[in-house]
Amino acid sequence: MERILIKDTVDKVGDKVIVKGWVHARRDHGKLIFIDLRDRGGLLQVVFWGGGDTKLFKQAEELRSEFVVAITGTVQKRQDNQINPDLPTGTVELAAEKLEIISQAETPPFEIADSNVPEAGEESRLKYRYLDLRRDKMQHNIRLRSAFVQKCREYLFSQDFVEIETPLLTEATPEGSRDFVVPSRLNQGKFYALPQSPQQYKQLLMIGGFERYFQIARAIRDEDPRADRGFEHTQVDIEMSFVEQDDVMNTVEAMMIKTVESLGFKVKDKPFPRFTYAEAMEKFGADKFDLRSGEEKKDPKLLAYAWVYKFPFFEKTEEGGWTFTHNPFSMPVPEHLDDLLNKNNIENILTTQYDLVCNGYESGGGSIRAHQPEILKAVYEVMGYSAEKIQDSVGHMLEAFKYGTPPHGGIALGVERNLMNLTGESYLREVQAFPMTGKGQTAVMKGPKPLTDAQLKELGLKIS
RNA sequence: GGGCUCGUAGUGUAGCGGUUAACACGCCUCCCUGUCACGGAGGAGAUCGCCGGUUCAAAUCCGGUCGGGCCCGCCA
């Protein structure tokens, strides 16, 4: 007989079935034992009677929390007064006929089954993340994350996008955030960097003729973690050719609406309201804001999206020079292109950058890219780069742009940020399966660890 | 780089200079045929993160250290 899932037992009254899963709870009444069995789809009450098969009943008395078992039995309707309205399978129960203990389990270090008990501390939860993940909340968060990514993928495939993976071992970029570096064994004394984003590769894919690219991409930055950001995060990374700002915004907007609505959420305003950066600052005093009313904030299923666009391209550095505010690869707004090329009026140059805001958080950002070498070059010149330094930083992009580059633009949507909005969590770690601690210690495993002398020598990191 | 904060049975907390360190959940034993946060009786389990100092006396005060968390800086 084949195992069936617990959620399917409701339609199997009278049938003999096998279910497999974990012992979620046991209630021993002496001559009557109830077991709540948990599998990936839910909970089911299993009943053992002392008056029946004594060997089976003795076995059932041995069961403890989190044992993995296979139980054969007959699904029976519960009497009216025994129905549990809080359980999807609450109208039925399994009358056990055979019990196989597949794996015993030690008493877990914290409670998995009871969501009414205060949550264990994070230290313990991360050390035993595989047990923490069994809990209702984590199952829900991680499954919702999967569904979110699935819906985005489905939409993008339906719109003729191609999913392409870009390298993890790549070149360090001097600007932006601190790089995570990886020593090269074959090129001793040299280092790869892990990508802060697939920005340059996705633009090269536009030059490569794919026109519509996306990737569920990991982005890695060596900056001190916070509650809402860590070393690594995932983004839905998108780039499109032959588009203008509205084309990208409309595509992303349609994807987000379809995705979140299919997951049971409601979107407050459609189409998403749009504010220029100047309007947002005047109206909300910030470029991230929450459009929900106080009453609306009580609805956990309501999402208020908005676009912010026309950001300043540059801001002053402490040293009195200029640096970019969002993305150096962006195009300025058309009316400021001449100013950029002539380096006039720098503080007033606006970029085609657009940010997607949701419930007070930035959920994504993108821009139309500079696809002509002289525009990208001008950005770096404004930032005070010498010709040599420009060549070293983005020479490969300037070179690539020479060979017939379509106008293009895109966006990156933070998967964790979006999931935080969907779940109401305020910690990034609650929507990641295996997050790190604030000091960069991995969950369950003990990374980072020292290397052996032999490994260091092999990498050229230790002489003699 | 800096600031704040928390480390007490397996878990969550209380105790904040003076008996045997308390409570809840969990765990173990026994009882219980309709529970679903089952119930009842009993029990085990803590050198109070670590090192040092102050004191007649330290979980409690002080210094250091290790670990967790939050924030500033940083994060195209």
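Numbers restart at 1 for each chain; the letters A, B, ... are given by sequence-line order, proteins then strands. Note that these values count all heavy atoms, side chains included, but never hydrogens, waters or copies made by symmetry.
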Look at all strands and tell whether A:Pro328 reaches a base, only sugar-phosphate, or nothing, counting heavy atoms closer than 4.0 Å. base
Using only modelled atom types and a 3.5 angstrom limit, is any donor from either the side chain of A:Glu119 or the base of B:U11 paired with an acceptor on the other? no
Kindly confirm or rule out a cation-pi arrangement of A:Lys377 over A:Tyr380, judged by NZ or CZ under 6.0 Å from the six-membered ring centre and within 45° of its axis? no
Taking a pair as Watson-Crick or G-U wobble with both distances under 3.5 Å, which nucleotide is matched to B:U29? B:A41
Pair assignment for B:A59, Watson-Crick or G-U wobble, requiring both distances under 3.5 Å: none
Can a side chain N or O of A:Arg26 be found less than 4.0 Å away from OP1 or OP2 on B:C36? no
May I ask you to say what A:Glu122 touches in the nucleic acid, namely base, sugar-phosphate or nothing, with a heavy-atom cut-off under 4.0 Å? sugar-phosphate
Pairwise C1' distance for B:A21 and B:C38, with rounding to whole Å: 32 Å
Using both distances under 3.5 Å as the test, list the Watson-Crick or G-U wobble partner of B:U11, or none. B:A24
Please answer whether B:U11 and A:Phe110 are stacked, defined here as ring centres separated by less than 5.5 Å and planes angled under 30°. no
So what does A:Gly90 hit on the nucleic acid, given a heavy-atom distance under 4.0 Å: a base, only sugar-phosphate, or nothing? nothing
Would you say the base of B:G34 and the side-chain of A:Glu93 have a donor-acceptor pair closer than 3.5 Å? yes
For B:C4, the Watson-Crick or wobble partner whose two distances fall under 3.5 Å: B:G69
What contact category does A:Asp224 fall into here, base, sugar-phosphate, or nothing, at under 4.0 angstrom with non-hydrogen atoms? base
Reckon A:Gly438 touches a base, only the sugar-phosphate, or nothing at all at heavy-atom distances under 4.0 Å? sugar-phosphate
So, is A:Thr107 near the phosphate of B:C27, with a side-chain N or O under 4.0 Å from OP1 or OP2? no
Could you tell me whether A:Arg125 contacts a base, only the sugar-phosphate backbone, or nothing, with contacts defined as non-hydrogen atoms closer than 4.0 Å? nothing
pair_partner(B:C50), Watson-Crick or wobble, both distances < 3.5 Å, evaluates to B:G64
Do the side-chain N or O atoms of A:Arg226 get closer than 4.0 angstrom to the phosphate oxygens (OP1, OP2) of B:C72? yes
Is A:Arg221 side chain donor-acceptor paired with the B:C74 base, going by distance under 3.5 Å alone? no
On RNA chain B, does the nearest nucleotide to A:Pro108 precede the nearest nucleotide to A:Ser65 from the 5' side, or the other way round? Give the residue. A:Pro108
How far does the P atom of B:U5 sit from the matching atom of B:A44, given to the nearest Å? 39 Å
Write out all pairs satisfying salt bridge (Lys or Arg N to Asp or Glu O under 4.0 Å) with one or both partners inside residues 315-339 of chain A, taking only residues at least two apart or from two chains. A:Lys310-A:Glu335
Do the rings of A:Phe284 and A:Phe289 sit parallel, tilted or perpendicular, given the 30° and 60° boundaries? parallel
How is A:Phe231 classified with respect to the nucleic acid when contacts are heavy atoms under 4.0 Å: base, sugar-phosphate, or nothing? nothing
Is the phosphate of B:C70, meaning OP1 or OP2, less than 4.0 Å from a side-chain N or O of A:Arg429? yes
Base B:G26 to side chain A:Asp114, donor-acceptor N/O within 3.5 Å cut-off: no
Less than 3.5 Å between a donor and an acceptor, one on the side chain of A:Arg229 and one on the base of B:C74, is that the case here? yes
Flag as yes if A:His29 stacks onto the base of B:U33 (centroids under 5.5 Å, planes under 30°), otherwise no. no
Between A:His29 and A:Phe34, what is the ring plane arrangement, given parallel below 30°, perpendicular above 60°, and tilted in between? perpendicular
Which part of the nucleic acid, if any, lies within contact of A:Glu123, taking any heavy atom under 4.0 Å across all strands shown: a base, the sugar-phosphate backbone alone, or nothing? sugar-phosphate
Applying a 4.0 Å non-hydrogen cut-off, can you work out what A:Asp28 is touching in the nucleic acid: base, sugar-phosphate, or nothing? base
